[in-house]
Amino acid sequence: MVKLSLFALLGLSWASFTFADSLGIESYRDAQLVKSRSEQAVSVEVPLAKIQRSGRGWEPEKVERLTGNLVTSLYKIDRNALLTDVYQHYYAELTKNNHQVLFECQSRSCGSSNAWANNFFDDYLLYGSDQSQSLLVVKTASGLYQILYVNRRGAGDVMVRLDQVAMPNEDMAVANVMAQHDIKDIPRIRRFLTDLPAGQSVIGFVTSQQQDRESAVNVGDRYIEDLISGLGVRLAEKVRFINVADMGRVSLGVDRVSFVVARP
């Protein structure tokens with residue numbers, strides 16, 4: 001575990017962290033991160049209609065083809081969770097800033113769940129009944145595409161897939177916010193770090209603001225010390241904390257920690 005101050009951050013390349021100028025998506029309570037990956041300058045199909053058979057395969061009736069930077073995250077939620085609650089949570093997160101909804105469907109109107117899971121997303125863990133699936137495609141004002149697919153597996157677990165596609169240019173890096181939490185919510189931060197796949201490490205951007213006569217930088221340092229103490233050695237070793245104080249992007253919020261994948 002390494003703690004970096006704001007001044008050390010100024011000497012680092014933002015590109016190496018593949019962090020995007022986009023709002024962090026708050027995970028559903030107790031959601032466990034199953035896997036996450038990022039790719040740069042890849043061909044991506046953004047679905048804009050239900051999936052159907054096409055020739056010998058399956059594809060959405062309408063897509064928008066892009067070459068962009070892709071971040072994919074898959075979460076698992078306990079079988080006791082209500083599908084409607086899970087979907088409404090993520091719908092609210094993805095549309096809370098008046099982002100443009102490009103496509104939305106539920107149940108059989110989406111087409112075959114098997115086709116979405118195995119042909120489009122290429123992930124069998126998403127397969128469930130056609131009746132229990134939901135798909136949402138959103139575009140932000142900054143041009144970030146977000147594709148959400150939710151379904152309940154036969155075993156009962158709810159699976160949530162979130163793809164974020166950013167167009168590569170000088171002003172935008174890959175969207176890679178895995179989770180964002182209140183800086184004092186140690187229990188949720190501990191659960192997030194505990195659920196990380198084996199061997200995966202993350203970067204935690206810590207934001208703060210001036211308190212009385214204490215500078216934002218000093219407050220941020222204090223927050224990080226409290227985090228390390230509350231997490232314990234084993235979990236703290238998974239994180240490289242970076243104190244951005246009050247000089248972070250708006251999407252980082254205030255008095256929060258935002259986690260992104262650590263690059264080797």
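Since the model is a prediction, treat every value here as computed from it, not as a measurement.
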Interatomic spacing from CD1 in Ile183 to CD1 in Ile189 - rounded to 0.5 Å: 5.5 Å
Tyr91 backbone acceptor or donor facing Thr95 side chain under 3.5 Å: yes
Under 3.5 Å: donor-acceptor pair, side chain of His99, backbone of Gln146: no
Shared hydrophobic cluster for Leu48 and Tyr145 (ILVMFWY, side-chain gaps under 4.5 Å): yes
Stepwise salt bridge (charged side-chain N to carboxylate O under 4.0 Å, His left out) test for Glu237 and Arg234: CA-CA 6 Å; Glu237 287 179 346; Arg234 184 179 64 84; over 6 Å; no
Heavy-atom pair with the smallest gap, counting every atom of Tyr90 and Ser27: OH-CA, 3.7 Å
Criterion side chain to side chain contact (heavy atoms under 4.5 Å, CB included) on Asp163 and Tyr149, from CA distance to verdict: CA-CA 9 Å; Asp163 288 359; Tyr149 184 80; over 6 Å; no
Check: Asn243 side chain, Ala245 main-chain N or O, donor-acceptor pair, under 3.5 Å: yes
Connected via hydrophobic side-chain network under 4.5 Å: Val150 and Tyr127: no
Any donor-acceptor N/O pair, Arg65 side chain to Val44 backbone, under 3.5 Å: no
Short side-chain donor-acceptor distance under 3.5 Å, Gln133 and Gln131: no
Atom pair CZ/CG of Arg256 and Asp185 - distance to nearest 0.5 Å: 9.0 Å
Under 3.5 Å donor-acceptor, Ser208 side chain and Ala216 backbone: yes
CA sep, side-chain torsions, deciding dist, call: Lys35, Asp123, side chain to side chain contact (heavy atoms under 4.5 Å, CB included): CA-CA 11 Å; Lys35 53 188 174 182; Asp123 192 338; 3.2 Å; yes
Single-linkage hydrophobic cluster, 4.5 Å side-chain cutoff, Val165 and Val42 together: yes
Same apolar cluster (I L V M F W Y, side chains within < 4.5 Å links), Val63/Val137: no
Steps toward side chain to side chain contact (heavy atoms under 4.5 Å, CB included) verdict (Glu64, Phe103): CA-CA 11 Å; Glu64 183 170 351; Phe103 177 66; over 6 Å; no
Cluster link Leu94 to Val101, ILVMFWY, side chain under 4.5 Å: yes
Approximate separation, where rounding is to 0.5 Å, of Ser201 OG and Leu196 CG: 8.5 Å
Close side-chain approach of Cys110 and Ile51, heavy atoms under 4.5 Å: no
Minimal non-hydrogen separation, Gly204 against Val239, with atom names: N-CG1, 3.8 Å
Side chain to side chain, Val219 and Gln209, heavy atoms closer than 4.5 Å: no
CD-CG distance between Gln88 and Asp85, expressed to the nearest 0.5 angstrom: 8.5 Å
Side-chain donor or acceptor of Arg190 paired with backbone N/O of Leu231 under 3.5 Å: yes
Minimum heavy-atom distance Lys238-Leu193, with the two atoms named: NZ-O, 3.0 Å
Validation row, ring centre Tyr28 to ring centre Tyr75 under 6.0 Å: no
Steps toward salt bridge (charged side-chain N to carboxylate O under 4.0 Å, His left out) verdict (Asp30, Arg191): CA-CA 8 Å; Asp30 298 328; Arg191 287 198 297 271; 3.3 Å; yes
Parallel, tilted or perpendicular: ring planes of Trp116 versus Phe120, cut at 30 and 60 degrees: perpendicular
Exercise: do Asp130 and Ser113 side chains pair donor with acceptor under 3.5 Å: no
Minimum heavy-atom distance Leu125-Met159, with the two atoms named: O-CG, 3.2 Å
Contacts of type side chain to side chain donor-acceptor pair (under 3.5 Å), residue Asn118, not counting sequence neighbours: Asn114
Closest non-hydrogen atom pair between Ser112 and Trp58, with its separation: CB-CZ3, 4.1 Å
Distance-only side-chain donor-acceptor flag, Glu26 / His89, under 3.5 Å: no
Side chain to side chain contact (heavy atoms under 4.5 Å, CB included) between Gln106 and Glu104, intermediate numbers included: CA-CA 7 Å; Gln106 283 88 33; Glu104 182 184 15; 3.1 Å; yes
Steps toward salt bridge (charged side-chain N to carboxylate O under 4.0 Å, His left out) verdict (Lys184, Asp255): CA-CA 8 Å; Lys184 296 182 180 180; Asp255 297 335; over 6 Å; no
Listed partners of Arg152 passing salt bridge (charged side-chain N to carboxylate O under 4.0 Å, His left out), at least two apart: none
Pairwise side-chain contact, Phe241 with Val257, heavy-atom cut-off 4.5 Å (strictly under): yes
Arg222 side, atom CZ; Leu227 side, atom CG - distance, nearest 0.5 Å: 11.5 Å
Those residues that, when tested against Phe192, pass ring-ring contact (aromatic ring centres under 6.0 Å, His included) (two or more places apart): Phe259
Heavy-atom pair of closest approach, residues Pro47 and Ile147: CD-CD1, 3.8 Å
Side-chain donor-acceptor contact under 3.5 Å, Ser215 with Gln210: no
Euclidean distance, Arg153 CZ relative to Ser129 OG, rounded to 0.5 Å: 13.0 Å
Worked check of salt bridge (charged side-chain N to carboxylate O under 4.0 Å, His left out) between Arg53 and Glu59: CA-CA 6 Å; Arg53 186 176 293 279; Glu59 65 179 23; over 6 Å; no
